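A short write-up of the structure that comes next.
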Amino acid sequence: MLNPATAKAVIDHALFLGADFAELFVEHHQSSSVELISGDIDKVNSGIDFGIGIRLFFGYKVLYGYTNSTDEEELKRVTGLLAAKDKRDQIANAAALNLSRYNSKHQCQQPLAQGANLEAKIAFLKETDQAARSEDEKISQFIGRILQREQQIEIFNSTGLHIGDTRHYTRVAATAIAQNGSEQSTGFEAPGALTGWEFNTRLDARELGQHVAKQAMVKLFADNCPSGEMPVIIGNGFGGVIFHEACGHLLETTSVAKKASVFHDKMGEMIANPVVNAVDDGTMTNEWGSINIDDEGMETQRTQLIKDGKLTSFMVDHMGSLKTGYEPTGSGRRESYKYAPTSRMRNTFIEPGESSLDEMISSVEHGIFAKKMGGGSVQPGTGEFNFAVQEAYLIENGQITKPLKSATLISTGPKVLKEISMVGKDFELAAGMCGSVSGSVPTTVGQPALKVDNILVGGGN
């Protein structure tokens with residue numbers, strides 16, 4: 001996408017201006033989406049974006065800018081503007097560029113570049129809509145969306161790195177709304193993968209529609225949730241969003257390097273119950289949060305964050321490594337060429353344990369089964385969180401008795417890690433988007449069901 005000779009000239013210019021490190025991030029991004037509302041196609045969008053991000057290090061200071069031009073003089077002009085305040089005499093040349101290659105782990109059979117498959121996507125959404133509405137007459141609305149995008153990147157830097165990658169993403173989102181008089185409730189699922197439109201062969205349109213409709217109907221006639229501190233069983237899959245938000249961000253050098261994380265000085269210490277093992281893994285085949293290389297050009301890897309309750313690693317990007325001394329983990333990520341990369345999660349999850357869901361539920365005299373988690377808020381630095389439960393049930397005398405609504409889980413990441421006493425076998429992953437200082441990136445959360453012995457539950461009672 002960018003002439004290597006041009007890239008080398010721009011990087012040499014950055015070093016001549018005194019930069020300790022220089023990088024060019026080239027991106028060509030193509031996207032296509034279709035949305036269905038009220039049984040009809042409401043939106044069909046497509047677009048192409050192209051740009052080049054320029055990053056300079058002056059010591060621990062990071063300077064970043066971008067342009068849509070591939071012209072050498074324009075790239076040098078932007079570089080000069082970035083370096084203007086920090087310019088110093090230094091005669092240096094970047095290492096010779098050496099094109100790196102690797103074997104992609106993630107095959108794609110129906111990339112966006114070969115066609116948007118619009119008719120097939122519309123048929124899929126309409127079948128999902130019909131299945132949701134046929135589940136119950138109280139399903140008043142269905143909203144479906146399919147997004148497919150293709151991101152081509154190329155990275156050059158002053159160490160001599162020249163590497164590229166092409167990433168194919170497909171995601172399907174389904175929302176069902178149930179209504180009874182003035183009462184409304186929703187069901188939602190949004191599976192995704194690092195693959196092309198062949199992802200649809202892993203999905204059943206009718207099952208997806210029925211699932212979100214049933215989820216909405218369960219909540220429509222549910223009782224209010226009790227409040228207070230109690231044991232909670234958090235369901236598998238998207239239940240891992242709590243670990244992601246309340247703990248995962250605290251293990252990124254984005255916060256660790258600034259000592260803005262409560263875990264910044266806890267390496268090698270017990271920070272969780274010994275039954276907890278947590279991983280951030282970018283190598284999982286075709287998973288939504290996987291990557292061949294990160295956005296700094298490093299091949300991705302599996303990073304064991306917590307082993308038997310002990311903190312064993314952080315997620316480390318290039319600058320994070322310079323500041324903390326920890327080795328990079330292939331975790332430097334960014335939304336696009338408009339953002340400088342920082343340490344970010346990929347596929348982040350709690351590993352399977354030895355307990356069954358039935359064993360966990362039978363161990364609770366009075367508590368909550370949070371089968372499906374929803375969104376929430378987290379206080380950076382402390383990990384204090386407030387998460388809504390999308391689908392919840394009351395547990396009484398070791399049995400699930402009735403559905404609940406308006407449940408909220410309130411605690412802190414460090415506290416909840418130590419309150420986990422049982423980890424299940426029913427491991428599952430779920431796709432999501434994660435926002436941080438380097439923009440929004442595809443990430444996967446996951447876990448088996450697990451038991452938290454004591455957590456504050458906010459409810460309608």
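Bear in mind that the values here come from a model prediction, so they are computed numbers and not experimental data.
- Within the 4.5 Å cutoff, the side chain of Phe349 has heavy atoms near those of the Leu429 side chain.
- Counted by atom type alone, Glu287 and Asn347 present zero donor-acceptor pairs between their side chains at under 3.5 Å.
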For side chain to side chain contact (heavy atoms under 4.5 Å, CB included), just list the numbers for Asn157 and Leu24, CA-CA rounded to whole Å, side-chain angles, deciding distance to a tenth of an Å, and then say yes or no. CA-CA 6 Å; Asn157 72 31; Leu24 300 180; over 6 Å; no
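- The backbone N or O of Thr170 sits nowhere less than 3.5 Å from a side-chain atom of Trp197 that would complete a donor-acceptor pair.
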So Phe263 and Leu417, side chain to side chain contact (heavy atoms under 4.5 Å, CB included) or not? Walk me through it. CA-CA 12 Å; Phe263 297 126; Leu417 283 177; 4.1 Å; yes
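- A salt bridge is absent between Glu183 and Lys138; no separation between the charged side-chain nitrogens and carboxylate oxygens falls under 4.0 Å.
- Arg333 places no side-chain N or O within 3.5 Å of a backbone atom of Ser343 that could act as its donor or acceptor partner.
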Go through the steps for Glu245 and Phe385 under the test side chain to side chain contact (heavy atoms under 4.5 Å, CB included), then give the verdict. CA-CA 8 Å; Glu245 294 287 359; Phe385 65 79; over 6 Å; no
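- Side-chain contact between Val232 and Leu409: present, with at least one pair of heavy atoms (C-beta onward) separated by less than 4.5 Å.
- In this structure, a donor-acceptor pair under 3.5 Å is absent between the side chains of Ser438 and Ser436.
- Put simply, OG1 on Thr283 and CZ on Arg302 are 7.5 Å apart, with the number rounded to the nearest 0.5 Å.
- No side-chain donor-acceptor contact under 3.5 Å links Lys451 to the backbone of Pro231.
- In this structure, Phe21 and Phe57 have tilted ring planes: the angle between them lies in the 30° to 60° band.
- Counting heavy atoms from C-beta outward, Gln301 and Thr329 have side chains that approach closer than 4.5 Å.
- Distance check: Ile41 CD1 to Leu36 CG gives 4.5 Å after rounding to the nearest 0.5 Å.
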Pairs of donor and acceptor atoms involving the side chains of residues 311-321, under 3.5 Å and at least two apart or interchain, shall be tabulated with distances.
unit_1: Thr312; atom_1: OG1; unit_2: Gln304; atom_2: O; d: 2.5
unit_1: Thr312; atom_1: OG1; unit_2: Leu305; atom_2: O; d: 3.1
unit_1: Asp317; atom_1: OD1; unit_2: Thr253; atom_2: OG1; d: 2.9
unit_1: Asp317; atom_1: OD1; unit_2: Gly320; atom_2: N; d: 3.1
unit_1: Ser321; atom_1: OG; unit_2: Tyr326; atom_2: O; d: 2.7

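- Aromatic ring centres of Tyr337 and Tyr66: separated by under 6.0 Å.
- For Arg55 and Glu296, the salt-bridge test passes: some basic side-chain N is under 4.0 Å from an acidic carboxylate O.
- The number of heavy-atom neighbours closer than 6.0 Å to CD of Glu119, taken from other residues, nucleotides and ligands shown, is 12 or below.
- For the side chain to side chain contact (heavy atoms under 4.5 Å, CB included) with Phe387, the qualifying choice from Ile234, Thr408, Val241 is Val241, the only one to do so.
- More than 12 non-hydrogen atoms from other residues, nucleotides or ligands lie less than 6.0 angstrom from CD of Glu229.
- Applying the 6.0 Å contact sphere to CD of Glu354 captures no more than 12 heavy atoms from other residues, nucleotides or ligands.
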Side chain to side chain contact (heavy atoms under 4.5 Å, CB included), that's the test. Do Ile233 and Ile368 meet it? Break it down for me. CA-CA 6 Å; Ile233 310 299; Ile368 302 297; over 6 Å; no
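- Donor-acceptor pairing under 3.5 Å is recorded for the side chains of Gln179 and Gln184.
- To the nearest 0.5 angstrom, Ser31 atom OG is 11.5 Å from Gln151 atom CD.
- Nearest heavy atom pair, residue Asp204 against residue Glu207, reads OD1-N, 2.9 Å.
- Smallest separation of non-hydrogen atoms from Ser362 and Glu359: OG-O, 2.9 Å.
- Side-chain contact, Thr300 with Arg346: a donor N or O sits under 3.5 Å from an acceptor N or O.
- Taken to the nearest 0.5 Å, the CD atom of Glu189 stands 3.5 Å off from the NE2 atom of His211.
- The NZ atom of Lys258 lies 13.5 Å from the NE2 atom of His264; values are rounded to the nearest 0.5 Å.
- Once rounded to the nearest 0.5 Å, the distance linking CD1 of Ile291 with NZ of Lys105 reads 12.0 Å.
- Checking Lys121 against Gln148 by side-chain atom types alone, a donor-acceptor pair falls below 3.5 Å.
- Inter-residue side-chain proximity for Thr348 and Val445 is flagged as unmet; no heavy-atom pair is nearer than 4.5 Å.
- Looking at His244 and Thr443, their side chains come closer than 4.5 Å, going by heavy atoms from C-beta outward.
- Cation-pi check for Arg334 over Tyr339 is not met; the charged atom does not lie both under 6.0 angstrom from the ring centroid and within 45 degrees of its normal.
- Residues Ile155 and Gly297 approach most closely at CD1-N, 3.3 Å, considering heavy atoms.
- With Glu23 contributing its side chain and Phe25 its backbone, the two residues share no donor-acceptor pair below 3.5 Å.
- Summarising the geometry of Glu150 relative to Pro111, their closest heavy-atom pair is OE1-CB, 3.7 Å, with the distance given to 0.1 Å.
- Side-chain atoms of Ser290 come within 3.5 Å of backbone atoms of Met284 as a donor-acceptor pair (strictly under, hydrogens ignored).
- Side-chain contact of Gln141 with Arg133: a donor-acceptor pair under 3.5 Å is present, judged by distance alone.
- When every heavy atom of Ser363 is checked against every heavy atom of Met422, the shortest pair comes out as OG-SD, 3.9 Å.
- Judged purely by atom type and a 3.5 angstrom limit, Ser261 has no side-chain atom pairing as donor or acceptor with the backbone of Leu251.
- Between Glu27 and Gln152 the shortest side-chain heavy-atom distance does not fall below 4.5 Å.
- Shown here is Gln109, whose CD atom has no more than 12 heavy atoms of other residues, nucleotides or ligands within 6.0 Å.
- Proximity of a side-chain donor or acceptor of Lys425 to a complementary backbone N or O of Gly353 within less than 3.5 Å is not detected.
- For the residue pair Ala216 and Ala176, the shortest heavy atom distance occurs at CB-O, 3.7 Å.
- Contact annotation: the side chain of Val212 never approaches that of Thr175 to less than 4.5 Å [non-hydrogen atoms, C-beta and beyond].
- The backbone N or O of Ile146 lies less than 3.5 Å from no partner atom in the side chain of Ser33, so there is not a single donor-acceptor pair.
- Formation of a donor-acceptor pair under 3.5 Å by the Ser104 side chain with backbone atoms of His106 is found in this model.
- Side-chain atoms of Glu252 and Ser331 include no donor-acceptor pair closer than 3.5 Å.
- Side chain of Gln215 to backbone of Phe188: a donor-acceptor contact under 3.5 angstrom is found.
- Between Phe199 and Asn286, every side-chain heavy-atom pair lies at or beyond the 4.5 Å cut-off.
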